[in-house]
Amino acid sequence: MIERYLAQMSTYAGSIDGLILLVAVLVGFWFFAAEGMLFWLVWKFRERPGQKSQYLTGTEHHIKRWITWPHALVLVCDVFIVIGSIRVWNEVKQTLPEPDSTIRIIGQQWAWTFQHPGPDNELDTPDDIFTVDALHIEVEKVYHFKLESRDVLHSFSVPVFRIKQDALPGRSITGWFEATMTGEHDIQCAEICGIGHGVMAARIFIEDAGQHAAWVAANSNSTTP
Amino acid sequence: MMARTQNVRLSAALLLGVAVAACNPTPPTPGLALGKELFETCAPCHGDMGTGDVEIDAPAIAGLPQWYIEAQLRGFQAGMRGMHANDLPALRMRPMAMTLNRDGDIPSVAEYVAGLPATFPESTLHGNAGAGAERYAAVCVACHGPDGRGNELLWAPPIVQLNDWYLVQELQNFREGARGADPADIWGQQMRINTFALDDQAMADVIAYVQTLR
């Protein structure tokens, strides 16, 4: 359903959308049920001539059940949300599949720097490729990323991947993704990081094997760290 | 009934007019007033009077020529500056330049900055001005002039009013390709070639000499 409005382009995007949908449906149901009940009661017990209001302590069983029963049902729904959250958290954060390649992502006010491995597919070697605001990856390959910040808090967000990970100065945070389709999409900063936060945007280029090999070959010696 | 229908139609027309006006506001008139308004985006780093802030690597820009400021802002927008991984101050500056996206924005803010009183920041480096004079005469004087006031015909800006730390930083950027490496940046490429003749000490010496030209 969500993919009708924003493409799912990572292996775990569907799982995250499913969780969001689960939360939206359960919370949405209780929202409308509670609001419906509120307005129904307001209408049912509206002011009438000759009718006096009563003071209710709320301790009587037949009155309390209007709270306790929905409360219990909400808790049952919470169990489903917690189970779903743990499953998705485990898939996205606790599981770290073997990488086909590793990149470094560095946030700074107000740009993203990407360090790609060169033809040797090893990071931190002389043939690494550095780019600003342009990340190039190959489709259907598992990438580990090492996320860093040079100054303040940032958050690396790729909406089509459904990934959003904070970057903290002084720490290197490891994560992963695997793109499922080729294309060119937005990268955002999702953490207020100063006056230029709103324009701290970049692009991700998801290429097939041939395109990516050609890009690596063309750029492996063209930039310096 | 007829009057009520007319009122509804009139209200709908007014609402439509307001909505259209909100979606398509009249572009502001370029000029100093617009430049002053736009400069509010620059002031957090460059200061209210464009005097810069060394703590965040923001140089003094007050009083620089309008043509030079315009050229640099357009250079940032085109990716000639602010696209190198190690040029952190320029990485900060580029997105800010990208916000000047309406006709007249860049000339307006450049005119405003050019009209601010130029400052001559204190020296912070210690080079050998005597040795720098020889270097300056050999490498820099042809474009930046004997008085360091620049030459618009050669796209050489005045350098006497710039921070010495900023000048060294930019000379290093030119030499390392963080600036002046884009094929479209013709004048930057020319500047870059000249920095190949300067090692770090020579840069410090030249800048020390430039400080004496004030």
Side-chain angles (χ1 to χ4, degrees), chain A residues 103-118 123-136 145-154 156 167 169 186-203 205 218-225, chain B residues 37-48 52-58 73 75-102 105-106 109 169 172-185 189 192 195-196:
Chain A
I103 56 174
R104 179 170 285 114
I105 302 168
I106 305 166
Q108 64 263 311
Q109 292 175 320
W110 293 282
W112 294 103
T113 298
F114 301 102
Q115 183 181 355
H116 310 70
L123 204 62
D124 295 324
T125 56
D127 67 351
D128 285 355
I129 304 167
F130 290 81
T131 58
V132 173
D133 291 342
L135 172 60
H136 290 256
F145 61 79
K146 296 182 180 299
L147 182 60
E148 300 169 8
S149 169
R150 279 173 161 153
D151 37 42
V152 298
L153 285 179
H154 299 281
F156 177 72
D186 289 334
I187 295 172
Q188 308 168 332
C189 178
E191 180 71 50
I192 296 287
C193 59
I195 192 171
H197 164 71
V199 285
M200 187 174 163
R203 300 288 281 172
F205 299 87
N219 291 276
S220 61
N221 292 315
S222 64
T223 54
T224 52
Chain B
E37 180 187 325
L38 292 169
F39 188 74
E40 289 176 12
T41 308
C42 320
C45 293
H46 290 287
D48 292 339
D53 184 349
V54 64
E55 297 293 329
I56 50 173
D57 294 329
L73 287 172
F76 275 112
Q77 289 189 339
M80 295 175 191
R81 295 185 69 179
M83 288 296 283
H84 192 279
N86 273 2
D87 190 3
L88 300 186
L91 287 174
R92 274 198 298 275
M93 182 59 207
R94 182 164 186 261
M96 307 316 295
M98 299 295 281
T99 64
L100 303 169
N101 53 12
R102 297 171 301 187
D105 278 358
I106 288 181
V109 76
Q169 171 187 295
Q172 291 171 342
N173 278 338
F174 275 115
R175 189 180 60 194
E176 292 163 14
R179 190 174 170 186
D182 191 313
D185 186 6
Q189 284 184 307
R192 185 168 184 236
T195 60
F196 292 156

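The sequence lines fix the lettering, A, B, ..., with proteins before strands; numbering per chain opens at 1. These values consider heavy atoms only, across backbone and side chains, with no hydrogens, waters or symmetry-generated copies.
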Asks: Please classify the contact between A:Q108 and chain B as side chain, backbone, both or neither, with a heavy-atom cut-off of under 4.5 Å.
Replies: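 Just the side chain, heavy atoms under 4.5 Å.
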Asks: Could you measure the distance from the CG atom of B:L91 to the CD atom of A:Q109? Nearest 0.5 Å is fine.
Replies: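 If we round to the nearest 0.5 Å, B:L91:CG and A:Q109:CD are 11.0 Å apart.
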Asks: Considering residues at least two apart in sequence or located in another chain, which fulfil the side chain to side chain contact (heavy atoms under 4.5 Å, CB included) criterion with A:E148?
Replies: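 Counting only residues at least two positions away or on another chain, A:E148 forms a side chain to side chain contact (heavy atoms under 4.5 Å, CB included) with A:R104, A:I106, A:S172.
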Asks: On a heavy-atom basis, which atom in B:P44 and which in A:I195 lie closest, and how many Å separate them?
Replies: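 Minimum heavy-atom separation between B:P44 and A:I195: CG-CD1, 3.7 Å.
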Asks: Once salt bridge (charged side-chain N to carboxylate O under 4.0 Å, His left out) is applied, what residue pairs with a partner in residues 79-94 of chain B remain, sequence neighbours excluded?
Replies: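 Only B:R81-B:E170 qualify under salt bridge (charged side-chain N to carboxylate O under 4.0 Å, His left out).
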Asks: So which of A:V199, A:D133, A:D151 has the biggest tally of heavy-atom pairs under 4.5 Å with chain B?
Replies: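 Among the listed options, the one with the most contacts to chain B is A:V199.
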Asks: Considering non-hydrogen atoms only, spot the tightest contact between B:H84 and A:V132 and give its length.
Replies: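 For B:H84 and A:V132, the tightest heavy-atom pair comes out as C-CG2, 3.8 Å.
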Asks: Any idea which heavy atoms bring A:W110 and B:P95 closest together, and the distance?
Replies: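 Taking every non-hydrogen atom into account, O-CG, 3.4 Å.
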Asks: B:M98 versus chain A, heavy atoms under 4.5 Å apart: side chain, backbone, both or neither?
Replies: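 When you check distances to chain A, no heavy atom of B:M98 falls under 4.5 Å.
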